[in-house]
Amino acid sequence: MLPPVEHDVAHWEARYPARSLPEGAQVTRFAPSPTGFVHIGGVYTAMISQSVAHGSGGTYFVRIEDTDRAREVADAVEQFDRAFAYFGIESDEALGQVPWGPYRQSDRAQIYLTYVRELLRSGRAYPCFCTTDDLAEIRAEQDAAKAGTGYHGQWARCRALTDDAVEGRLGAGLSAVIRFAAPDDPGARAVFTDAIRGEIEQQDNVNDVVVLKSGEHRMPTYHFAHAVDDHLMGVNLVIRGEEWISSVPVHLQLFAALGFDAPTYAHVAPLMKLDGSSKRKLSKRKDPEASVDYFIEKGYPAAAVRHYLAGLANSNLAELDAAEAAEIPIALDRCSVSGALVDLAKLDDIAADVVAEMDLDDIVAAVDIWADEFDVDLAAAARSEPDRLRSAFAIGRGTDRQRKDVGRWSQVRLVFGFLLDAVFAPVTDPADERFGGVDPDVVRALAADFADAFVAEPDPTLWFEQVKALAGRHRFALNKAQLKDDPDAYVGLLKDAAQVVRVLLAGSTRSPELDAIAAILGPDEVRRRLRAVI
RNA sequence: GCCCCCAUCGUCUAGUGGCCUAGGACACCACCCUCUCAAGGUGGCGGCACGGGUUCGAAUCCCGUUGGGGGUACCA
């Protein structure tokens, strides 16, 4: 009925030693299934698991739950590794380094088989030959009788099969799944204490769930693998999505039948998305921002995403800045119990703050890495003038002129790209609308004059005095009162003249202060850009 | 259908019976600062889903309703 196994249960129990960890240390895991990309909700639960484990002096690891080979997506595991690395939620336990692996369930088939045999031997499991059609038939009968669905009671046909009947079917070549023989007490209640939600009581499980699937691989179901793996791997705190709450009764029964201590459970509220006017769970298929790739492509610093997520879990952390909050472990009993909507505007706000606090070298390095993958032209330009972007991010650092233009690397081109000669497109038409309607002749004269008169000047105030002088020479009023007194004497306001200079230097009506960009560009480049319009 | 989870400004939330004519953050609006933008400052808009209880007193406790989410697979 089952493939042979080399070992017995005692062997595996001995092979997986108890962990020697300090009192109160939590061992947690993140157990994604490689059926697609990593979901941002996955990063959320992984981060909580990691934070709680580390905060308690325990361990966090990643286990790949690839028991459903039919739905497995190629390269998913590689994508996982990339995402984990980006967000800093890699496993504490590397393959081969430690005795609790392997960490991929498809490599653990022998172990599951051993424990299934044990269950069979003790009468807590039995083979079931029902086909999909049989199951559908049972379902239909239950619907008609308004009975609870599932494989239980009078509907559990194969549970009563005699040994001879089983032999007969096996002999006829029928394939069997192995079902858990659940306690069949329809009135029973199951109670457990959730580390986030407190006591939860529900109907106990009466369903003879499948523990081992059919097919050549003879893989376990999630339920069974969860019990066996988390027991053997020493997990004492299972943090997972809320959708698992209703499976807890089955899991508790499985742990008991196997003679294992059940872990503590903590069920995290799902991340939601506003769809029209209603909230719904973020969907892998429908929502691009559900994928971690979205955040990586946009170039959000991992610290920003982590801080945003941490604030969703524990709102007190949201009041701290990212660096401070990162030092404080997430507290399960402070986790919110209702699903939060992912608010990208909030993330952007946090990201801008995070970038503002980042080390300049780290920023430049991060932009390089991001641009190499998502904007190669920008990467090349940045590398040929290595100091330009660095200086741009340095504008006003630590002063009241501190800027927060950039929260994700995809914004760099738009905000600071003009500082790179290879990205900048000179403005050559004096009638360009970006000049705000200033007479083309005046634009030309202003540019020519400033190109000649301009001198480098480190003091921002003194630097801007040059613009004031320039504006005065070309009949721009220094303030509104002046203009009002004698409207015919002026062609515009100081600000209009400054804008002409800005457009010439930045190619945009919006930029950091003129003195700052002129200092970054250097006098030669400033003159070159001014003269482009002459 | 049955079972479970959840419910405070648009969003994330503080609130654990009197400190609440409900506080903060993001977003939005206005003003200030100002060479534009960003940032920053000040102010504004805006909420306890509904109905019953319990209590001297309820956003807070209980019940119900409604609404939202999830489960009910040889998916995780």
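Proteins get letters first, then strands, A, B, ... in listed order; numbering begins at 1 in each.
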(message) Let's go through A:V292 and A:V305 carefully: what are the C-alpha distance in whole Å and the side-chain angles of both, what is the deciding distance for side-chain contact (heavy atoms from CB on, under 4.5 Å) to 0.1 Å, and is it a yes or a no?
(response) CA-CA 10 Å; A:V292 295; A:V305 176; over 6 Å; no
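- Proximity note for A:R502 (side chain, C-beta onward) versus B:rG69, B:rU36, B:rC37: the nearest is B:rU36.
- For A:K346 and B:rU13, the shortest distance from a side-chain N or O to OP1 or OP2 is not below 4.0 Å.
- Among B:rC35, B:rC26, B:rC5, the nucleotide with an atom closest to any side-chain atom of A:K495 is B:rC35.
- Nearest to the side-chain atoms of A:A345 among the listed nucleotides B:rU36, B:rC26, B:rA7 stands B:rC26.
- Among the nucleotides B:rC6, B:rA76, B:rU36, the one closest to any side-chain atom of A:D68 is B:rA76.
- Looking at A:S246, its side chain has no donor and acceptor atom pair within 3.5 Å of the base of B:rC3.
- In this pair, A:H223 and A:H251 present their aromatic rings tilted. The plane angle is within the 30 to 60° band.
- When the P atom of B:rA38 is taken as reference, atom CG of A:D353 falls 16 Å away, rounded to whole Å.
- Which of B:rA76, B:rC35, B:rC74 sits closest to the side chain of A:E513 comes down to B:rC35.
- Here A:R179 reaches the OP1 or OP2 of B:rC74: one of its side-chain N or O atoms lies under 4.0 Å away.
- When the nucleotides B:rC3, B:rC74, B:rG70 are ranked by their closest atom to the side chain of A:E243, B:rG70 comes out on top.
- A:S247 has no side-chain polar atom (N or O) that falls below the 4.0 Å cut-off from OP1 or OP2 of B:rG71.
- Relative to the side chain of A:K213, the nucleotides B:rA76, B:rU36, B:rA38 differ in distance, and B:rA76 lies closest.
- Distances from the side chain of A:L312 to the nucleotides B:rC37, B:rC12, B:rA7 place B:rC12 closest.
- When the side-chain nitrogen and oxygen atoms of A:S315 are compared with OP1 and OP2 of B:rA25, none of them lie within a distance under 4.0 Å.
- At whole-Å resolution of the value, CG in A:D208 and C1' in B:rU72 are 15 Å apart.
- Between the side chain of A:R197 and the base of B:rC5 there is no donor-acceptor pair of N/O atoms closer than 3.5 Å.
- In terms of phosphate contacts, A:R71 brings no side-chain nitrogen or oxygen within less than 4.0 Å of OP1 or OP2 of B:rC74.
- Side-chain proximity of A:R403 to B:rA14, B:rA38, B:rA27: nearest is B:rA38.
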